[in-house]
K.L.:
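Below is the structure I would like to discuss, written out as structure tokens.
Predicted model only: the values in this text are computed from it and were never measured. Each chain gets a letter, A, B and so on, in the order the sequences are listed, and its residues count up from 1. All values below were derived from every heavy atom in this structure, side-chain atoms included, with hydrogens, water molecules and symmetry-related copies excluded.
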Amino acid sequence: MNKRNKTAQAFLNIYLALSTLLFIIPFVIIISTSLTNESVVMRYGYSPIIREFSADAYKYVFKNGQNIVQAYGVTAFFAFGGTLLDNVIMALCGYSISREKFTYKKWIVYPLIFTMIFHGGLAPTYLIYTKVFGLKDNILVYFVAGMVSAYTIFIYRAFFKQVPVSLSESAELDGASEMQIFAKIMLPLSLPTFATYSFMGLMTRWNSFETTLYYISDKKLYTLQYLLQLILKEAEFIKQSMQLVPGSVQAAEIPMETVKFAMCVVAAGPMVAIFPFFQRYFSKGVMVGAVKG
Amino acid sequence: MKQTGIKKKSTFNQNLPFLIMCLPVMFYVICFKFLPLFGMVVSFKDYNYIDGIWGSPWVGLKHFEFFFSSNDVYHILGNTVGYFFLFYIVKTICSIAVAFMFYFVASNKALKYYQTVYTLPNFISWVLVAYIAFTLFSSEYGMMNTIIEAFGGEAISWYSEPKYWPVILLFFHVWQAVGMNCIIYYAALMGIDESLIEAAKLDGANLRQIIWHIMIPTITPIISILAILAVGSIMTAGFGLFYQVPMDSAALYPTTDVIDTYIYRTLVSGNMGQTSAVGMFQSLVGGFLLLLVNGIVKKISPDNAVF
């Protein structure tokens with residue numbers, strides 16, 4: 001249609017190209033500020049332009065980065081580990097409730113639907129997690145909180161239902177057990193779905209700060225996002241994490257404003273740079289989630 | 001007698017491997033989803049740490065009465081529901097507009113670039129969004145004040161002026177969601193039969209007529225179904241945006257406090273009974289709304305029902 005109309009195309013492209021600045025400039029401001037001389041920032045404010053280059057902030061961050069390294073470790077451990085574990089058990093469950101032979105499946109399906117409708121809420125969940133399971137200041141809370149979504153299980157079920165029955169039947173004739181059918185045939189077949197939901201889970205876990213906010217007070221168990229919000233909200237936290245005495249001469253010398261943003265770049269940068277490359281997985285997940293079937 | 005016994009046993013044996021496969025999920029659901037439901041009894045108790053969940057004294061509906069008779073209830077529920085409609089309507093209009101623009105872009109390379117950039121905010125955490133908001137609205141060094149002062153205006157203390165925040169929150173919500181949200185509408189547009197459009201063109205229809213009479217009607221069903229389903233989440237405003245972006249500034253509560261942030265603050269204050277009561281209200285209202293909208297969608301379009 002008007003795809004051949006050159007003026008219309010030019011206007012459309014100029015408009016869209018300009019609108020993308022709205023999504024790029026915010027990131028540029030953060031990176032530029034972290035690379036600008038502290039006194040220039042104090043004078044001209046945060047800016048997308050680097051008026052006077054300085055890597056001082058990064059020197060401070062890398063010299064005193066134990067907190068960030070530790071938070072990277074915790075975050076990577078539970079984000080990758082939790083997502084893998086989560087998706088394996090959800091795929092297992094989704095596979096079994098997809099099978100006709102499983103005549104007791106309503107005992108699984110109805111409780112799962114119930115979890116989609118009603119939840120205990122923050123306080124009861126907090127009390128049960130901490131008092132009954134002892135998850136306060138326990139790294140296992142990162143695995144437990146936000147695991148198992150009934151919705152995703154049903155998407156796995158829908159996927160396994162599409163797989164021709166003849167495939168599992170012939171394997172059964174060859175003497176394969178249900179577990180073998182799942183591990184050797186079904187799981188490899190479901191790899192695209194598995195990858196999609198693993199990436200979505202990984203992103204959600206990587207970006208979450210809530211679990212730390214509710215359950216963790218031990219500094220060694222902070223996640224990256226939680227550490228970042230502390231840095232943003234509490235100037236004192238930077239001084240503390242640099243292991244300096246607040247009010248001392250050294251503490252006063254820290255380029256506070258630029259260090260804040262340098263920490264932000266170091267802590268958030270790598271993943272933000274990686275995730276968009278897996279965009280197609282997310283798009284697929286959004287589509288399945290919106291229009292099932 | 002013996003016959004049925006054997007039969008029962010064989011059905012059980014047939015089901016056994018599947019039951020074992022469901023075991024991890026069921027263990028999780030029972031321990032970490034169902035047990036907290038029983039924890040809801042603290043809504044009717046004056047919880048204290050010594051007596052615990054079961055031992056604390058019963059107080060009946062005290063916590064509910066307190067919440068509904070407090071001054072907070074109006075602005076919290078008003079904000080939660082108000083933001084829901086504001087966010088949903090603006091986000092949907094923007095997403096549809098962007099989907100149309102993407103549809104008309106001729107160059108595939110350009111389209112790929114636009115899509116990638118538009119979805120960028122979807123991959124970042126609310127903490128990072130808070131940093132971005134801070135670079136704009138910090139009263140000392142923020143870009144907004146720099147610009148205002150450059151034009152001779154008076155600097156604004158953004159983090160203590162509630163009146164600006166509905167717009168700021170709306171902006172960041174749409175900014176974050178539009179790239180992913182438009183994919184659904186874009187896919188619906190791509191699904192339109194080209195021959196339908198070609199035929200309309202032969203009949204002399206112009207672009208506006210094609211958009212109004214062919215494209216909009218084709219995507220209307222999906223717009224309405226998604227809108228109905230969305231009502232199910234009216235009571236969950238989303239904690240990340242409302243807690244992180246205003247940086248939990250107390251001065252902003254009149255326009256930034258929603259049910260999720262209120263629940264969190266009540267939890268921090270240590271009043272378990274009160275927190276649980278508000279959470280129970282949220283869970284019940286949300287649950288029944290979800291049942292309702294799911295029932296409606298099941299009637300119109302069974303494929304799109306959640307369960």
Side-chain angles (χ1 to χ4, degrees), chain A residues 1-3 9 12-13 16 20 23-24 26 29-30 41 45-46 89 92-93 96 99 101-104 108 111 113 115-128 144 147-148 177-179 203 207 209-210 225 228-229 232-233 257 264 268 272 275-276 279 283 286-287 290 292-293, chain B residues 11 14-15 17-18 21-22 24-26 28-29 32-33 35-37 39-40 42 53 101 104-106 110 114 116-121 123-125 127-128 130-132 134-135 141-143 146 180 183-184 187 197 207 239 244 247 263 267 272 275-276 279-280 282-283 287 290-291 303 307:
Chain A
M1 40 201 318
N2 85 332
K3 285 190 179 180
Q9 275 297 311
L12 183 63
N13 278 302
L16 281 171
T20 57
F23 299 94
I24 295 171
I29 299 176
I30 289 180
V41 172
Y46 307 135
I89 70 171
L92 257 174
C93 182
S96 58
R99 295 292 307 251
K101 273 171 72 185
F102 187 18
T103 49
Y104 296 170
I108 311 289
I113 289 178
T115 65
M116 294 168 92
I117 305 171
F118 295 109
H119 57 87
L122 184 56
T125 308
Y126 176 84
L127 285 177
I128 299 289
V144 169
M147 216 176 181
V148 174
S177 69
E178 286 296 336
M179 200 60 212
M203 189 191 74
N207 284 338
F209 62 90
E210 290 92 339
Q225 304 301 332
L228 268 180
Q229 63 126 29
L232 178 64
K233 283 188 191 136
E257 289 306 319
C264 176
V272 174
F275 275 134
Q279 194 209 349
S283 317
V286 171
M287 281 308 298
K292 279 193 295 175
Chain B
T11 1
Q14 180 192 327
N15 277 298
F18 298 114
M21 288 167 128
C22 285
V25 164
M26 285 331 277
Y28 178 87
V29 166
F32 300 110
K33 298 248 185 183
L35 218 51
L37 288 171
M40 275 175 156
V42 296
I53 300 169
M101 285 191 277
F104 287 122
V105 171
Y114 301 146
T116 308
V117 174
Y118 267 71
T119 49
L120 208 57
F123 302 111
I124 67 172
S125 68
V127 179
L128 206 50
Y131 269 88
I132 288 167
F134 189 74
T135 61
Y141 311 118
M143 292 271 294
T146 312
M180 273 293 157
I183 290 174
I184 302 155
I197 294 166
L207 178 63
F239 183 63
Q244 292 293 357
M247 305 230 289
I263 288 175
L267 179 81
M272 288 293 164
T275 317
S276 177
M280 192 169 165
Q282 183 193 32
S283 174
L290 189 63
L291 281 174
D303 281 348
F307 44 81

K.L.:
Is the shortest side-chain heavy-atom distance between B:Tyr114 and A:Phe23 below 4.5 Å?
P.N.:
no

K.L.:
If we define contacts as heavy-atom pairs under 4.5 Å, which of B:Leu267, B:Thr146, B:Val29, B:Leu290 has the most with chain A?
P.N.:
B:Leu267

K.L.:
Quick one: OG on A:Ser96 to CG on B:Asn15, what's the gap to the nearest 0.5 Å?
P.N.:
10.0 Å

K.L.:
Nearest heavy-atom pair of B:Val25 and A:Ile89: which atoms, and what distance?
P.N.:
CG2-O, 3.3 Å

K.L.:
Heavy-atom cut-off 4.5 Å, strictly under: side chain, backbone, both or neither for A:Met203 against chain B?
P.N.:
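Contact with chain B involves the side chain of A:Met203 alone.
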
K.L.:
Given heavy-atom pairs under 4.5 angstrom as the criterion, report whether the side chain, backbone, both or neither of B:Tyr28 touches chain A.
P.N.:
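Just its side chain gets close to chain A.
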
K.L.:
Given B:Phe32, which of A:Ile128, A:Thr125, A:Val144 fulfils the side-chain contact (heavy atoms from CB on, under 4.5 Å) condition?
P.N.:
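Per the side-chain contact (heavy atoms from CB on, under 4.5 Å) rule, the option paired with B:Phe32 is A:Val144, out of A:Ile128, A:Thr125, A:Val144.
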
K.L.:
Flag the one option from A:Leu92, A:Val41, A:Ile108, A:Leu16 with the top tally of heavy-atom pairs under 4.5 Å to chain B.
P.N.:
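The residue among A:Leu92, A:Val41, A:Ile108, A:Leu16 with the greatest pair count is A:Leu16.
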
K.L.:
Would you please name every residue forming a side chain to side chain donor-acceptor pair (under 3.5 Å) with B:Thr119, sequence neighbours left out?
P.N.:
A:Gln279

K.L.:
May I ask you to name which of B:Gly39, B:Pro36, B:Pro17 has the most heavy-atom pairs under 4.5 Å with chain A?
P.N.:
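Top option by heavy-atom pairs under 4.5 Å: B:Pro36.
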
K.L.:
Step by step, work out the side chain to side chain contact (heavy atoms under 4.5 Å, CB included) result for A:Phe102 and B:Met21.
P.N.:
CA-CA 11 Å; A:Phe102 187 18; B:Met21 288 167 128; over 6 Å; no

K.L.:
Identify which part of B:Met26 has an atom lying under 4.5 Å from any heavy atom of chain A, answering side chain, backbone, both or neither.
P.N.:
side chain

K.L.:
Say you draw a straight line from CG of A:Leu127 to CE of B:Met40; how long is it, rounded to the nearest 0.5 Å?
P.N.:
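The CE atom of B:Met40 is 12.5 Å from CG of A:Leu127, to the nearest 0.5 Å.
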
K.L.:
Which distance, rounded to the nearest 0.5 Å, do you find between the CD of A:Glu257 and the OG1 of B:Thr135?
P.N.:
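Rounded to the nearest 0.5 Å, the CD-OG1 separation comes out at 11.5 Å.
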
K.L.:
So, does A:Asn13 use its side chain to make a donor-acceptor pair with the main chain of B:Val105 at under 3.5 Å?
P.N.:
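No, the answer is negative, given that no donor and acceptor are paired below the 3.5 Å cut-off.
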
K.L.:
Does the B:Gln14 side chain pair with the main chain of A:Lys101, one donor and one acceptor, at a distance under 3.5 Å?
P.N.:
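Checked: pair present.
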
K.L.:
Quick one: do A:Val272 and B:Phe123 satisfy side chain to side chain contact (heavy atoms under 4.5 Å, CB included)? Show the steps, please.
P.N.:
CA-CA 7 Å; A:Val272 174; B:Phe123 302 111; 5.9 Å; no

K.L.:
Under a 4.5 Å heavy-atom cutoff, which of A:Glu178, A:Arg99, A:Met116 has the most pairs with chain B?
P.N.:
A:Glu178

K.L.:
Closest approach of B:Ile132 and A:Pro26, non-hydrogen atoms and distance?
P.N.:
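Answer, listing the atom of B:Ile132 first, then A:Pro26: CG2-CB, 3.5 Å.
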
K.L.:
Using non-hydrogen atoms only, which part of A:Tyr104 is less than 4.5 Å away from chain B: side chain, backbone, both, or neither?
P.N.:
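Interface part for A:Tyr104: both.
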
K.L.:
Considering only heavy atoms and a distance below 4.5 Å, find which of B:Gln282, B:Met280, B:Met101 pairs most often with chain A.
P.N.:
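With the most close heavy-atom pairs to chain A, the winner is B:Met101.
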
K.L.:
I'd like to know if the side chain of B:Ser283 and the backbone of A:His119 have a donor-acceptor N/O pair within less than 3.5 Å.
P.N.:
yes

K.L.:
Measure distances from B:Ala130 to the heavy atoms of chain A and classify the residue's part below 4.5 Å as side chain, backbone, both or neither.
P.N.:
both

K.L.:
Can you tell which part of B:Leu35 gets under 4.5 Å to a heavy atom of chain A, answering side chain, backbone, both or neither?
P.N.:
both

K.L.:
Are the side chains of A:Leu232 and B:Val127 in touch, meaning some heavy atoms are under 4.5 Å apart?
P.N.:
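SC-SC contact between A:Leu232 and B:Val127 ruled out.
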
K.L.:
Nearest 0.5 Å, please: how far is CZ in A:Phe118 from NZ in B:Lys33?
P.N.:
14.5 Å

K.L.:
Taking side chain as everything from C-beta outward and backbone as N, CA, C, O, which of these in A:Leu228 sits under 4.5 Å from a heavy atom of chain B? Side chain, backbone, both or neither.
P.N.:
both

K.L.:
Name the region of B:Ile53, side chain, backbone, both or neither, that has any atom closer than 4.5 Å to a heavy atom of chain A.
P.N.:
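Answer is side chain: those atoms of B:Ile53 sit under 4.5 Å from chain A.
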
K.L.:
Out of B:Gly279, B:Ser276, B:Ala110, return the one with the most heavy atom pairs under 4.5 angstrom to chain A.
P.N.:
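Heavy-atom pair counts peak at B:Ser276.
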
K.L.:
Distance-only, no hydrogens or angles: does the A:Gln9 side chain make a donor-acceptor pair with backbone N or O of B:Ala106 under 3.5 Å?
P.N.:
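Here the side-chain-to-backbone pair exists.
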
K.L.:
Where does B:Ile124 contact chain A at under 4.5 Å (heavy atoms): side chain, backbone, both or neither?
P.N.:
both

K.L.:
Would you mind checking which part of A:Ile29 comes under 4.5 Å of any heavy atom in chain B, side chain (CB onward), backbone (N, CA, C, O), both or neither?
P.N.:
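Side chain of A:Ile29 only, per the 4.5 Å heavy-atom cut-off to chain B.
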
K.L.:
Flag the one option from A:Ser177, A:Ala268, A:Cys93 with the top tally of heavy-atom pairs under 4.5 Å to chain B.
P.N.:
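Highest number of heavy-atom pairs under 4.5 Å: A:Cys93.
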
K.L.:
Rounded to the nearest 0.5 Å, how far does CZ of B:Phe307 lie from CD1 of A:Ile117?
P.N.:
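The distance works out to 3.5 Å.
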
